[in-house]
Amino acid sequence: MRASQFFIATLKEAPSDAEIVSHKLMLRAGLIRRLAGGIYTWMPMGLRVLRKVENIVREEMNRAGAVELLMPAVQPFELWEESGRGPKYGPELLRFKDRHQRDFVIGPTHEEVITDVVRRDVKSYRQLPRHFYQIQTKFRDEIRPRFGVMRGREFLMKDGYSFHTSYADLEREYRNMYDTYSRIFTRLSLQFRAVAADTGAIGGTGSHEFHVLADSGEDAIAFCPGSDYAANVELAEAVAPARVDAGVTATMEKKATPGKTKCEDVAAFLGLPLTQTVKAIAVMAEKEGGSEFVLLLLRGDHDLNEIKAQKVVGAFRFARDEEIVEALGCKAGYIGAVGFSGRVVADRSVAVMNDCVCGANEEGYHLTGVNFGRDLPQPETVADIRNVVEGDASPDGKGPLELCRGIEVGHIFQLRTKYAEALKCTFLDEQGKDQVMEMGCYGIGVSRIVGAAIEQGHDERGIIFPASIAPFAVAVVPMNYAKSEAVRAAAAALHAELLAAGIDAILDDRDERPGSMFADWELIGIPHRVVVGERGLKEGKLEYKGRRDTEATMVAVGDMAAFLKQKLCGA
RNA sequence: CGGGGUGUGGCGCAGCCCGGUAGCGCGCUUGCUUUGGGAGCAAGAUGUCGAGAGUUCGAAUCCCUCCACCCCGACCA
């Protein structure tokens, strides 16, 4: 490819509406252009990257035994009514009517369609298992599209669906996909982690998310460096700490703490560690015929995990000020469980505390030296209701947890029979009996991967693409191309030699000034650069520089192609 | 949807408070010079100042309505 015949659309300055690095760099490098909120054109340079990601995904899916097909983007709404998911998906589902006033949606996912295909064409256990996948454009009318291609409304996704005669076989395929995904992200040279996940709206039981580790990630992940344990913070279990019975040493005392409503302030004011304070969170739990006032107790340095708490007390909302005053006779900020006779749910870490500090249920006062079983009854419920924090014990007992942020680029689910049942997707078993199929589904955000790779690979000059997905592997950059015949000839010869060797090389024949050519290729993130200049040619040499290198190295003209081939294989 | 912010040539911005000639840098076009880190000189082109309504002799600027976009929360690959 010659640069003059391609299209290079680099920008010196990033449009001001881009916030995170990958978005800015993708715009500056001319990979994408925005058409509307969350909707982007993939420019020629960006499309090359997208296609490379896509092909790696395709190769590995094929290798894993899945078969590719392509389903329509437009789906009849009836299918969504049949699965019962229409109302649940809500406004994220882009709906419209055709000229006959029939309802359609632009597919945000394809469980319904694939299940419809399979229920029509697969009738016997002999045809199972089957795994179909596609790489296709999805549309989700996100509430808040952002970060460019990371959370677009229209995006490219690989979605695969597997069908089985038994749960055991689904589990087998699930493990197969777990391995396949790991292979894909490894080939993409991404730093990633598979994390146990909540099953969310799609439903089902077993589920793992694959996260690319990056500080700009939207998800918080807890992981154990000493093992392969990793989980979304919302889901990671905070294990019960060992009971440290240093025992009860203090007597309960009331201390004036004027204006100190936060645990941090109270601890600092009293000169006690934050870990000795207990915060009480007042909620109204739903109950038949009304709601119940419940106190949730957490250690001062911990945060409530609403999902976990909901599993314990049922659906709830935070109590209003007047409800708190009515129940405890005091406003929020000074509340505690001492003297409270209603329902109390304590976090596991609170249950093992001694001599703690809590609100006195009197404005401007806290209690110190408070102990369960003496100053107040043991809490009626002890449960895990907090988010894990750095340093917590890993649930697998293999050391302390660390926290990091991640970008979700893949998600695998055991759907079980949820859709197969709703859509009557059945097969005849060996006994000729009708059985509902077990299903799995497996997604990869192909376009999101491009953004995630850039989040992981960039510097002040621009993108640093992994060789596996760079739009071009090598940029051949001639100096004074228009005037120097020797340079032109040498550049053309090298370019031809690289192409013949199957190396994706681009010859920059634009006759730009050297500085702007260098800047462009560094911005775009091409991993290897060869400069062809009269200076080097006089000594029979070309100049090589890797994108991460600080110094260039001189290589004899005749050796350059072999030199690059070796670099590319090594990478 | 709630909270915060921004809309001025292709991109980045100034001008707005205090109404009166639309400006700067980059990019673009042409010519000459230049050619190893985003060139120099000269000449040019490009704006319904987000849209609509209003106040005014006069609106980018003041008032109202709407729209778009971005950031922070719930959703997701």
Side-chain angles (χ1 to χ4, degrees), chain A residues 9-20 23-24 27-28 30 33-39 53 57 88-93 107-110 135-160 181 185 197-202 207-212 217-219 232 234 306-307 406-413 441-452 461-462 477-484 487 510-523 529 531-537 542-543 545 552:
Chain A
T10 53
L11 258 30
K12 234 176 189 172
E13 282 169 295
S16 60
D17 49 11
E19 192 64 21
I20 62 169
H23 189 195
K24 282 184 189 161
L27 288 167
R28 281 193 55 207
R33 289 281 111 105
R34 194 187 78 94
L35 178 64
I39 301 178
V53 174
V57 171
K88 195 177 169 189
Y89 227 91
E92 216 163 281
L93 195 57
T109 173
H110 281 69
I135 296 174
Q136 188 241 21
T137 299
K138 298 277 185 281
F139 192 94
R140 293 186 189 170
D141 205 353
E142 293 277 351
I143 300 164
R144 185 145 96 88
R146 60 180 143 174
F147 302 151
V149 109
M150 295 276 245
R151 180 181 293 281
R153 290 195 293 171
E154 187 177 299
F155 59 97
L156 191 65
M157 177 173 166
K158 186 284 301 184
D159 48 326
Y181 275 35
F185 297 122
D198 196 11
T199 47
I202 298 185
S207 164
H208 279 86
E209 290 170 356
F210 286 78
H211 285 262
V212 164
E218 292 186 84
D219 298 280
N232 226 301
E234 281 93 65
E306 295 183 36
I307 299 166
I407 300 162
E408 186 187 351
V409 290
H411 202 159
I412 58 177
F413 275 91
C441 85
Y442 319 91
I444 288 183
V446 176
S447 41
R448 182 180 278 183
I449 283 176
V450 178
R461 297 185 164 191
V477 185
M479 299 290 99
N480 206 356
Y481 187 77
K483 291 223 176 116
S484 167
V487 164
R510 296 177 295 172
D511 195 34
E512 284 287 328
R513 298 181 63 82
S516 54
M517 291 194 283
F518 295 157
D520 274 351
W521 297 119
E522 280 163 350
L523 174 60
R529 183 185 83 192
V531 173
V532 182
E534 278 185 313
R535 219 160 66 183
L537 285 178
L542 301 174
E543 177 190 307
K545 188 160 179 266

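Letters A, B, ... are given to chains in the order of the sequence lines, protein chains preceding strands, and every chain is numbered from 1.
The partner of C41(B), taking Watson-Crick or G-U wobble pairs whose two distances both stay under 3.5 Å, is G31(B). The partner of C62(B) is G54(B), judged by Watson-Crick or G-U wobble contacts that both fall below 3.5 Å. Base pairing annotation: G47(B) forms no Watson-Crick or G-U wobble pair, as no partner gives both donor-acceptor distances under 3.5 Å. When both pairing distances are held under 3.5 Å, C24(B) makes a Watson-Crick or G-U pair with G12(B). Pairing for C69(B) is with G5(B), a Watson-Crick or G-U wobble pair whose two hydrogen-bonding atom distances lie under 3.5 Å.
The main-chain N or O of Met150(A) is found under 3.5 Å from a side-chain atom of Arg448(A) such that the two form a donor-acceptor pair. Checked by atom type and distance alone, the side chain of Arg151(A) never pairs as donor or acceptor with a backbone atom of Arg146(A) at under 3.5 Å. Tyr181(A) contributes a side-chain N or O that, together with a main-chain N or O of Gly443(A), makes up a donor-acceptor pair within less than 3.5 Å. Here the side chain of Arg33(A) pairs a donor or acceptor atom with the backbone of Leu27(A) at under 3.5 angstrom. Of the possible donor and acceptor atoms, one in the side chain of Lys158(A) sits under 3.5 Å from a partner among the backbone N and O of Tyr442(A).
A straight line from CG of Leu93(A) to P of A77(B) spans 14 Å, rounded to a whole angstrom. Taking atom CG of Asp520(A) as the reference point, atom P of C26(B) lies 17 Å away to the nearest angstrom. Leu542(A) places its CG atom 14 Å from the C1' atom of G36(B), with the value rounded to the nearest Å. Protein atom CD of Glu19(A) is 15 Å distant from nucleotide atom P of U6(B), rounded to whole Å. For the pair Ile20(A) CD1 and C72(B) P, the computed distance is 9 Å after rounding to whole Å. The separation between Phe413(A) atom CZ and A77(B) atom C1' is 10 Å, rounded to whole Å. If you take CH2 of Trp521(A) and P of G38(B), they are 18 Å apart, rounded to a whole angstrom. For the pair Glu218(A) CD and A77(B) C1', the interatomic distance rounds to 11 Å; values are reported in whole Å.
Using a 4.0 Å heavy-atom criterion, one finds that Arg33(A) contacts no nucleic acid atom at all. Residue Gly152(A) is in base contact, counting any heavy-atom pair closer than 4.0 Å across all strands shown. Counting any heavy atom pair closer than 4.0 Å across all strands shown, Tyr442(A) reaches no nucleic acid atom. Residue contacts for Glu306(A): at a heavy-atom cut-off of 4.0 Å it reaches no nucleic acid atom on any strand shown. Base engagement by Gly533(A) is indicated by at least one non-hydrogen atom pair under 4.0 Å involving a base atom. Counting non-hydrogen atoms under 4.0 angstrom, Arg529(A) reaches a base of the nucleic acid. Residue-level contact check: Val531(A) touches the bases, meaning some heavy atom is under 4.0 Å from a base atom.
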N/O-N/O pairs, protein side and nucleotides 7-12 of chain B side, under 3.5 Å:
residue, atom, partner, partner atom, Å
C11(B), O2', Glu13(A), O, 3.2
G12(B), OP1, Ser16(A), N, 2.7
G12(B), O2', Glu13(A), OE2, 3.1

Distances under 3.5 Å between nitrogen or oxygen atoms of protein and nucleotides 31-34 of chain B:
residue, atom, partner, partner atom, Å
U34(B), O2, Arg513(A), NH1, 2.7

Q: Would you sort out whether Glu209(A) and Asn232(A) count as a side chain to side chain donor-acceptor pair (under 3.5 Å), showing the intermediate values?
A: CA-CA 9 Å; Glu209(A) 290 170 356; Asn232(A) 226 301; 2.8 Å; yes
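Distance noted for atom P between U46(B) and U34(B): 32 Å (whole Å). With C1' as the reference atom, U55(B) and C62(B) are 8 Å apart, rounded to whole Å. Distance check on atom P: A43(B) versus C24(B) gives 13 Å, rounded to whole Å. Spacing of P atoms, C57(B) relative to G52(B), comes out at 22 Å, to the nearest Å. Across the P atoms, C32(B) and A68(B) are found 49 Å apart, a figure rounded to whole Å. Taking atom P in both U48(B) and G44(B), the straight-line distance is 22 Å, to the nearest Å. Using atom C1' as the reference point in both A14(B) and C49(B), the two lie 13 Å apart (nearest Å). Here the separation of G4(B) from A42(B), taken at their C1' atoms, is 48 Å to the nearest Å.
For Arg448(A) against C76(B), a side-chain N or O and a base N or O form a donor-acceptor pair under 3.5 Å. Between the side chain of Asn480(A) and the base of G36(B), no donor-acceptor pair of N or O atoms lies under 3.5 Å. For Arg151(A) against C75(B), a side-chain N or O and a base N or O form a donor-acceptor pair under 3.5 Å. Interface remark: the Asp219(A) side chain does form a donor-acceptor pair with the C76(B) base, using a distance-only criterion of under 3.5 Å.
Summary of the strand contacts: His23(A) and Leu156(A) both lie near RNA chain B, and taking for each the nucleotide with the nearest heavy atom, the more 5' one is attributed to His23(A). Nearer to the 5' terminus of RNA chain B, by closest-nucleotide assignment, is the contact made by Pro514(A) (compared with the other of Val409(A) and Pro514(A)).
Note that CZ of Arg28(A) and NE2 of His23(A) are 13.5 Å apart. Values are rounded to the nearest 0.5 Å. Note: Arg140(A) CZ to Arg153(A) CZ = 14.0 Å, rounded to the nearest 0.5 Å. How far CD1 of Ile444(A) is from CD of Glu408(A): 11.5 Å, rounded to the nearest 0.5 Å. How far CG of Asp159(A) is from CD1 of Ile135(A): 9.5 Å, rounded to the nearest 0.5 Å. Separating the CE atom in Met517(A) from the OG1 atom in Thr10(A) is a distance of 12.5 Å, to the nearest 0.5 Å.
Taking the ring axis of Phe518(A) as reference, the NZ or CZ atom of Arg529(A) stays within 45° of it and closer than 6.0 Å to the ring centre.
Phe185(A) is linked by a ring-ring contact (aromatic ring centres under 6.0 Å, His included) to Phe192(A), Phe210(A), counting only residues two or more places apart in sequence or in another chain.
Picking from C71(B), G37(B), A77(B) the nucleotide with the shortest atom distance to the side chain of Glu142(A) gives A77(B). The side chain of Ile143(A) has A74(B) as its nearest neighbour among A74(B), G73(B), C70(B). The side chain of Thr10(A) approaches G38(B) more closely than any other nucleotide in the set G36(B), A77(B), G38(B). Picking from A77(B), G38(B), C71(B) the nucleotide with the shortest atom distance to the side chain of Phe147(A) gives C71(B).
The aromatic ring of Phe155(A) sits over the base of A77(B), with ring centres less than 5.5 Å apart and planes tilted by under 30°.
Within the 4.0 Å cut-off from OP1 or OP2 of A74(B), not a single side-chain nitrogen or oxygen of Arg144(A) is found. Between Arg153(A) and C75(B), a side-chain N or O to OP1/OP2 separation shorter than 4.0 Å is absent.
Taking each heavy atom of Ile407(A) and Gly217(A) in turn, the nearest pair found is CG1-CA, 3.6 Å.
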